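Before any comments, here is the structure.
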Amino acid sequence: MEKQGRLVVEKVGGRSTVTRSFSKYPLKLIIPRKVGSSKADAVWVYTLTYGGGIVTGDSISCEFTIGDGCTTVITTQASTKVYKSLGAKCSEQVMEARVGSNALLAVIPDPVTCFSTARYSQKQIFRVVSDSSLVLVDWITSGRHESGEKWDFDLYKSANHIFIGDEPLFLDMVHLESGSISSIAERMQDYQVNAMVVLLGPKIKHIQDLVKENVKRMMAEKLHNHSTASGRQQKINSDYRLTKPSFIASSSIFGPKGIGVVVRIAATTTESVYKFLQHQLAGMEPLLGASPYH
């Protein structure tokens, strides 16, 4: 697939520096001179598409190389909008990233929002070494609520693959497709956001430990409070149906010696996920120069 974007970050004069940057329609890469504290050694890259979203037939491929010891943030300025599909054509995005020794890559975009009938597929491939660090946030909302759209798109696929050398370390796929038996909305029930956070590597070990403990404590409290409230409600109303928590999160480790942590989230509001990400990733500010999602 032809590349619409390429970016290389290397150490120049002891600082993480963009040494090569290329993008063409429909992709644009914006690299501000400074984001947050100047003390942090980090390059921030904003990806966007002309026209404010992805249209039918768009096929975008980009490649990032993060050199040894460098820190890079890849983010967006707003949610990635996927417009209505014309016919059966599927829009797609592919990103490949290589993360060098003692380097850190943070991929922290806003969510994908698919419009009614949209068909969209994305694949992100990360090639790391044993002491690379990676933060990856991948999430989708149910659509344009203000227009009455909730899980009205036809297809959404998101694959995330992490390799150490040629060996697979983490392989994940989310596949949501409207079917004849049940709609996506029926399967998602009342949840409006589906999210995944991957934390990998030595530079963010403290973030991994904090997030695991926070998720465990948070869910214990939520489920306890929810169960108590449900019990009271059942006494009041015999026709009560057990409601689901508005926010669910789980965490688990992966890889040899548990070097990676994956957090999975289902929530009824986008705002609650933003708040979760702000709180859990706030400790990255000294590394990135600014706190993610603030």
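Keep in mind it's a predicted model, so treat the numbers as computed, not measured. When reading the values below, keep in mind they use all heavy atoms of this one structure, side chains included, and skip hydrogens, waters and symmetry mates.
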Taking the side chain as C-beta and beyond, is there a heavy-atom pair between Ile204 and Val135 under 4.5 Å? yes
Classify the side-chain pair Gln192/Thr268 by whether it contains a donor and acceptor separated by less than 3.5 Å. no
Side-chain heavy atoms nearer than 4.5 Å, only ILVMFWY residues, links allowed to pass through others: does that put Ile125 and Phe64 together? no
Do Leu200 and Leu169 make a side-chain contact, defined as non-hydrogen atoms from C-beta onward lying under 4.5 Å apart? yes
Donor-acceptor check, side chain of Ser121 to backbone of Cys90, threshold 3.5 angstrom: yes or no? no
pair Phe247-Met218: side-chain heavy atoms closer than 4.5 Å: yes
Is there a side-chain contact between Ile207 and Lys205 (heavy atoms, below 4.5 Å)? no
For the backbone of Leu210 and the side chain of Glu213, can you confirm whether one donor and one acceptor N or O come within less than 3.5 Å of each other? no
Distance from Met219 atom CE to Asn214 atom CG, nearest 0.5 Å? 13.0 Å
Hey, does the side chain of His294 reach the backbone of Pro292 with a donor-acceptor pair shorter than 3.5 angstrom? yes
Salt bridge or not for Asp41 and Lys11, using N-O below 4.0 Å? yes
ILVMFWY network linking Val12 to Ile66, side-chain heavy atoms under 4.5 angstrom: no
Electrostatic pair Lys216-Glu221, nearest N-O below 4.0 angstrom: no
Rounded at 0.5 Å granularity, tell me how far OH in Tyr83 sits from SG in Cys114. 12.0 Å
Please evaluate residues Asp110 and Val137 with respect to the criterion side-chain contact (heavy atoms from CB on, under 4.5 Å), reporting the C-alpha separation (whole Å), side-chain torsions for both, the decisive distance (0.1 Å), and the verdict. CA-CA 9 Å; Asp110 295 287; Val137 178; over 6 Å; no
Distance, nearest 0.5 Å, that separates OG1 of Thr76 from CD1 of Ile30: 11.0 Å
Please give me the minimum heavy-atom distance between Ser16 and Gly69, naming the atom from each residue. OG-O, 4.4 Å
Go through the steps to decide whether Thr113 and Thr141 satisfy the test side-chain hydrogen bond (donor to acceptor under 3.5 Å, both in side chains), and finish with yes or no. CA-CA 5 Å; Thr113 298; Thr141 71; 3.0 Å; yes
Hphob cluster co-occupancy, Val211 + Phe170, side-chain heavy atoms under 4.5 angstrom: no
What's the spacing between Ser91 OG and Gln122 CD if we round to 0.5 Å? 11.5 Å
Under 3.5 Å, is there a donor on one side chain and an acceptor on the other for Thr117 and Ser85? no
Starting from the C-alpha separation in whole Å, work towards a yes-or-no answer on side-chain contact (heavy atoms from CB on, under 4.5 Å) for Glu10 and Val8. CA-CA 7 Å; Glu10 297 174 291; Val8 178; 3.8 Å; yes
Asp138 side chain to Ser158 side chain, donor-acceptor N/O pair below 3.5 angstrom: yes
If you count the non-hydrogen atoms of other residues, nucleotides and ligands that lie under 6.0 Å from CG in Asp190, is the total more than 12? no
Under the side-chain hydrogen bond (donor to acceptor under 3.5 Å, both in side chains) rule, what do Ser61 and Gln4 come out as? Steps first, then yes or no, please. CA-CA 5 Å; Ser61 177; Gln4 279 74 42; 5.2 Å; no
Between Arg264 and Asp172, is there a salt bridge with N-O shorter than 4.0 Å? yes
NZ (Lys3) and NZ (Lys24) are apart, to the nearest 0.5 Å, by 11.5 Å
Any side-chain donor-acceptor pair under 3.5 Å between His206 and Gln208? no
Determine the interplanar angle of the Tyr293 and Trp139 rings, folded into 0 to 90°, and report it as parallel if under 30°, tilted if 30 to 60°, perpendicular if over 60°. perpendicular
Validation row: Val263, Val215 side chains within 4.5 angstrom (heavy atoms): yes
Of the non-hydrogen atoms in Ala40 and Pro286, which two are nearest, and what is the gap between them? CB-O, 3.7 Å
Between Asp68 and Gly100, what is the shortest heavy-atom contact and its length? OD1-CA, 3.4 Å
How far does CG of Asp152 sit from CZ of Arg144, to the nearest 0.5 angstrom? 9.5 Å
Any heavy-atom pair between the side chains of Leu29 and Ile74 that's under 4.5 Å? no
Do Val45 and Leu7 come within less than 4.5 Å of each other through their side chains, counting heavy atoms only? yes
When clusters are formed by joining ILVMFWY residues with side-chain heavy atoms under 4.5 Å apart, either directly or through shared neighbours, do Trp44 and Leu287 land in the same one? yes
Taking the side chain from Ser272 and the backbone from Thr270, do they hold a donor-acceptor pair closer than 3.5 Å? no
Residues clustering with Val82 (ILVMFWY side chains joined when closer than 4.5 Å, directly or via others): Ile54, Val112, Tyr120, Ile140, Trp151, Phe153, Tyr156, Val174, Leu176, Ile184, Met188
Pair Thr65-Arg98, side-chain hydrogen bond (donor to acceptor under 3.5 Å, both in side chains): steps then yes or no: CA-CA 5 Å; Thr65 302; Arg98 294 182 179 274; 5.7 Å; no
Tell me whether Lys203 at atom NZ has more than 12 heavy atoms from other residues, nucleotides or ligands lying less than 6.0 Å away. yes
Any link between Leu199 and Met284 through a network of hydrophobic side chains (Ile, Leu, Val, Met, Phe, Trp, Tyr) touching at under 4.5 Å? yes
So does Val99 get a backbone contact from the side chain of Ser132, meaning a donor-acceptor N/O pair under 3.5 Å? yes
Quick one, Arg127 with Ile164, criterion side-chain contact (heavy atoms from CB on, under 4.5 Å). Give me CA distance, side-chain angles, the key distance, then yes/no. CA-CA 6 Å; Arg127 302 191 183 277; Ile164 290 186; over 6 Å; no
Atom of Gly87, atom of Arg119 and distance for their closest heavy-atom approach: O-CD, 4.1 Å
Within the structure provided, determine whether Ile248 and Ile265 are in side-chain contact (heavy-atom separation under 4.5 Å). no
Go through the steps to decide whether Leu105 and Val107 satisfy the test side-chain contact (heavy atoms from CB on, under 4.5 Å), and finish with yes or no. CA-CA 6 Å; Leu105 172 62; Val107 181; 3.9 Å; yes
Between Gln124 and Asn160 (side chain of the first, backbone of the second, donor and acceptor by atom type, cut-off under 3.5 Å), is there such a pair? no
Heavy atoms of Ser291 and Ala282 approach each other most closely as OG-CA, 3.5 Å
Donor-acceptor pair, side chain of Gln280 and main chain of Lys212, under 3.5 angstrom: no
